[in-house]
Amino acid sequence: MNAMNDRATLADAIFRPRAIALIGATADQTKNNARAQRVLKKAGYAGRILPINPRAAEIMGDVAYPSIREAPGPIDHAFIMVPAAAVPDAIAGCVEKGVKVATLYSAGFAELGAEGRAAQDRIVAMAREGGMRLIGPNCLGLVNVTDGVPITNNAAVEAEALKPGWLSVVSQSGSMMGALLSRAMARDFTFAKLVSVGNESDIGAGEMAELMVEDEATRCVLMFLETLRDAPKLAAAARRAHALGKPVIVYKLGRSDVGRQIAVSHTGAMVGADELAATFFRENGILRVETLEGLVELPRLVLGRTPPKGNRVAVLTGTGGGAAMVVDGVGLRGDAVVGPTTEMRERLAAQDIHISASPLIDLPMGGGKGQYTTVLKELVASDHCDAVVAVLGSTARLRPTQVNENVLDVYDGSKPIAVFAAPQADEAIRICDEAGIAAFRTPETCADALHSFLNWRAPKPVEAVPPAAWRGAAERLYAVGAPRLDEAQACAVFEALGIEGPGSRIVAAPEEATGFAGPVAVKLLSPDILHKTDAGLVRLNVEGDAAIQATVADLLAIARDKFPQARVKGVLVAPMHRGLAEVILGYRRDPEVGPVVMLGMGGVLAELKRSYCVRLAPVSEATALEMIAELPELKLIQGFRNLPRGDVAALARAIRSISLLACLDGEAVQEAEINPLIIRAEGQGAVAVDGLIALG
């Protein structure tokens, strides 16, 4: 194994280097490049600092060298701050010198487009050939607060007096690393490690998270992400973190679909980037927040905890308006705000504390001494909720130490308590922070953090699939030898996975269309014409040889006239299939999160309404049943109001089956879709009447 692929060796070179070369160092204190050396000295870095500058013999009391090739070794880490054009020579020098890791502050690479990407690829190739790892380019560097090793030009690091602590940060944005640092420092939260990964040319956010999860000082990892570039490593990091009891919390940009390339299938059009990211986070045990303040304030709520059993929260307040804002925020996110149980109300009434059954427990102003604490104790001890919100009114500002009696004396660690101070009550919040209780300054952030906690789940077990389940499909797929399969070929692959096909026959000319019993569907067969219904190339309920032959002739004529360049393989004629419901099953290999499977309402409903759910592929039949339960429209085939039951078990098997495309070697299948899959009555199965497969 390459030493720099060993996680412990890599972590030492990144966070605990014995010598650091500052390539592009300067004695001019007005320039950004001077900051890296200043912060190292300010932190009391105990290793060797090697400024690299061809026009200086000494910088800030350290001997300077004209190039890294002339600097004394060994050198574990280089911080490169030269223009993009000079970076290749700096990389070459680092490789010659045996530097283990280089962090590139330098910009002008993949963030600028194709030409910059090519230049970035070249320096990565140089580094890999020389056994060196890269962070960046276009990043602000990193800080090991635990050991006093800042390797960065970040102004926030120089401005703040960093205290060693338990939070670690991975950010794709250097400036946002500084923003998180300053916001957290304002609450006296402390850090272990902070890293800006920039373009992620080599070491990405996922691999950096892997290193931080193993860090003894780190108890919680915060991540600011713009995209997902190394999802498998992030998934591995999150699963390892869950096993170690270290929460991973993410704030991710890109919630809208603006600029996202739409795929050829309905699946690609229906499912956006944010839904896929949310699925990835949920199934790997990662908590996700929607606000930057939530990223800073959530850790106290989840530290040392495991995912809750449900998504129920109880809210106690003495100030109705402030609490109502939290309740609104929680309710809009789909979480359950639960009122007191009957037994709880009876116990409280026996103590002359009378509360209603309302989900918002609003104690009257001027209530008896200790009422708030008594009710809060009941809520914390009850199993009817998974978390409690304690809303504080003006007393939190006027007499902040009363938070000790109202909240802290109740806190036994058995259940999360989220404290929201409606007024600006910095001292009360500070008291909560010191006691390790999550305290929030705004109702929006409180609701955001609660939603993240209440919907936190353990990582989904990885589905083990025997090759026999997908080998036949792989053989049929590879035998086609074309980038896109036509409907007949796609349905044959689905049949090999265990999904019933339409029973089609391919006819090349009208006179071949004979001997069909009952009504049929007639469809042109061509891999080059998508959405054939829109093109007038699908006819349904055609009956009788004469009508079928005329329809075949008509479709062939339309294809010749409107699509002269298309490859026409003939016409598909299949029996008409009917059932109780139609769904769309989709599979795609997403560039960010990897393979996913989608279930949505099919037929016309796929065009009119976005009703679907997504999971990472492959899935088990149990997970497929969870997906079915998520679509309200499918309750119609599950005995709703005594309506006929559909074959839900067959649908679950079909979902699992199409998800097995994820098991094929490499990235064989880019997209696959069955639209519609017709669900027959219970015990009669489900049939795929149309499908497509596009290869990677």
Please report the interatomic distance CG(Leu651) to CG(Leu599), rounded to the nearest 0.5 Å. 6.0 Å
Are the side chains of Met223 and Leu295 in touch, meaning some heavy atoms are under 4.5 Å apart? no
Consider only side-chain N and O atoms of Tyr612 and Glu630, and report whether a donor and an acceptor are under 3.5 Å apart. no
The test is salt bridge (charged side-chain N to carboxylate O under 4.0 Å, His left out); show your working for Glu283 and Arg457 and say whether it passes. CA-CA 7 Å; Glu283 295 196 23; Arg457 296 294 178 264; over 6 Å; no
Do you know the tightest heavy-atom contact between Cys663 and Pro618? SG-CG, 4.1 Å
Start with the C-alpha gap between Met576 and Asn541, add the side-chain angles, then the distance that decides, and say whether side-chain contact (heavy atoms from CB on, under 4.5 Å) holds. CA-CA 7 Å; Met576 286 295 301; Asn541 292 305; 3.6 Å; yes
Restricting to non-hydrogen atoms, name the atom on Phe281 and the atom on Arg288 that form the minimum distance, rounded to 0.1 Å. CD1-CD, 3.7 Å
Does a donor on one side chain sit under 3.5 Å from an acceptor on the other, for Asn455 and Arg282? no
If you look at every heavy atom in Ala508 and Glu512, which pair is closest and at what distance? N-OE1, 2.9 Å
Looking only at side-chain N and O atoms, does Gln565 offer a donor or acceptor that is under 3.5 Å from a partner on Asp528? no
Supply the atom-to-atom distance Leu625 CG to Gln638 CD, rounded to the nearest 0.5 angstrom. 8.5 Å
I'd like to know if the side chain of Asp230 and the backbone of Lys233 have a donor-acceptor N/O pair within less than 3.5 Å. no
Mind checking the CG-CG spacing from Leu477 to Leu695? Nearest 0.5 Å is all I need. 5.0 Å
Step by step, would you call Val313 with Cys385 a side-chain contact (heavy atoms from CB on, under 4.5 Å)? CA-CA 5 Å; Val313 60; Cys385 61; 5.9 Å; no
Side chain to side chain donor-acceptor pair (under 3.5 Å) pairs touching residues 677-696, sequence neighbours excluded, are Glu500-Arg680, Lys523-Asp690
Determine, stepwise, if the pair Asp335 / Arg312 fulfils salt bridge (charged side-chain N to carboxylate O under 4.0 Å, His left out). CA-CA 6 Å; Asp335 303 312; Arg312 307 160 301 168; over 6 Å; no
If only atom types and distance count, is the side chain of Glu111 paired as donor or acceptor with the main-chain N or O of Asn199 below 3.5 Å? no
Report yes if the side chains of Pro299 and Pro247 come closer than 4.5 Å at any heavy-atom pair, otherwise no. no
Gln172 side chain to Thr227 side chain, donor-acceptor N/O pair below 3.5 angstrom: no
Are any of the side-chain heavy atoms of Leu485 and Pro527 separated by less than 4.5 Å? no
Arg645 side chain vs Asn642 backbone, donor-acceptor pair below 3.5 Å: no
Got a donor-acceptor contact below 3.5 angstrom from the Asp554 side chain to the Ala550 backbone? no
Ser526 side-chain N/O to Arg567 backbone N/O, donor-acceptor pair under 3.5 Å: yes
Considering only NZ, NE, NH1 and NH2 on the basic side and carboxylate oxygens on the acidic side, decide whether Lys460 and Glu626 come within less than 4.0 Å. yes
Give a yes or no answer on whether the side chain of Trp456 reaches the backbone of Gly285 with a donor-acceptor pair at less than 3.5 Å. yes
Is Val669 close to Leu664 at the side-chain level, that is, under 4.5 Å between some pair of heavy atoms? yes
Polar contact flag, side-chain donor to acceptor under 3.5 angstrom, Glu511-Gln549: no
Basic-acidic side-chain contact under 4.0 Å: Glu210, Arg240: no
Say whether, by atom type as modelled, one donor and one acceptor occur between the side chain of Thr623 and the main chain of Val619 under 3.5 angstrom. no
Salt bridge or not for Glu495 and Arg476, using N-O below 4.0 Å? no
State, yes or no, whether a side-chain contact exists between Leu634 and Val583 at a heavy-atom distance under 4.5 Å. yes
Does Asp386 form a salt bridge (charged side-chain N to carboxylate O under 4.0 Å, His left out) with Lys309? I'd like the steps, not just the answer. CA-CA 7 Å; Asp386 304 289; Lys309 296 179 180 178; over 6 Å; no
Main-chain N/O of Ala557 paired with Asp561 side-chain donor or acceptor, under 3.5 Å: no
Main-chain N/O of Ala686 paired to Asp647 side chain as donor or acceptor, under 3.5 Å: no
Output, in order, the C-alpha distance, side-chain angles, deciding distance and verdict of side-chain contact (heavy atoms from CB on, under 4.5 Å) for Ile558 and Leu537. CA-CA 8 Å; Ile558 292 173; Leu537 295 173; 3.6 Å; yes
Between Glu444 and Thr291, is any side-chain donor less than 3.5 angstrom from a side-chain acceptor? no
Leu631/Met601 under side-chain contact (heavy atoms from CB on, under 4.5 Å): CA gap, chis, key distance, verdict: CA-CA 8 Å; Leu631 295 190; Met601 296 312 298; 4.1 Å; yes
Report yes or no: does Asp486 contribute a side-chain atom to a donor-acceptor pair with the main-chain N or O of Ala488 at less than 3.5 Å? yes
For Glu463 and Arg656, what are the C-alpha separation, side-chain angles and deciding distance, and is it a salt bridge (charged side-chain N to carboxylate O under 4.0 Å, His left out)? CA-CA 10 Å; Glu463 176 71 6; Arg656 170 176 164 76; 2.7 Å; yes
Lys/Arg N to Asp/Glu carboxylate O, Arg7 vs Glu207, below 4.0 Å: no
Charged N-O contact under 4.0 Å between Glu290 and Arg333: yes
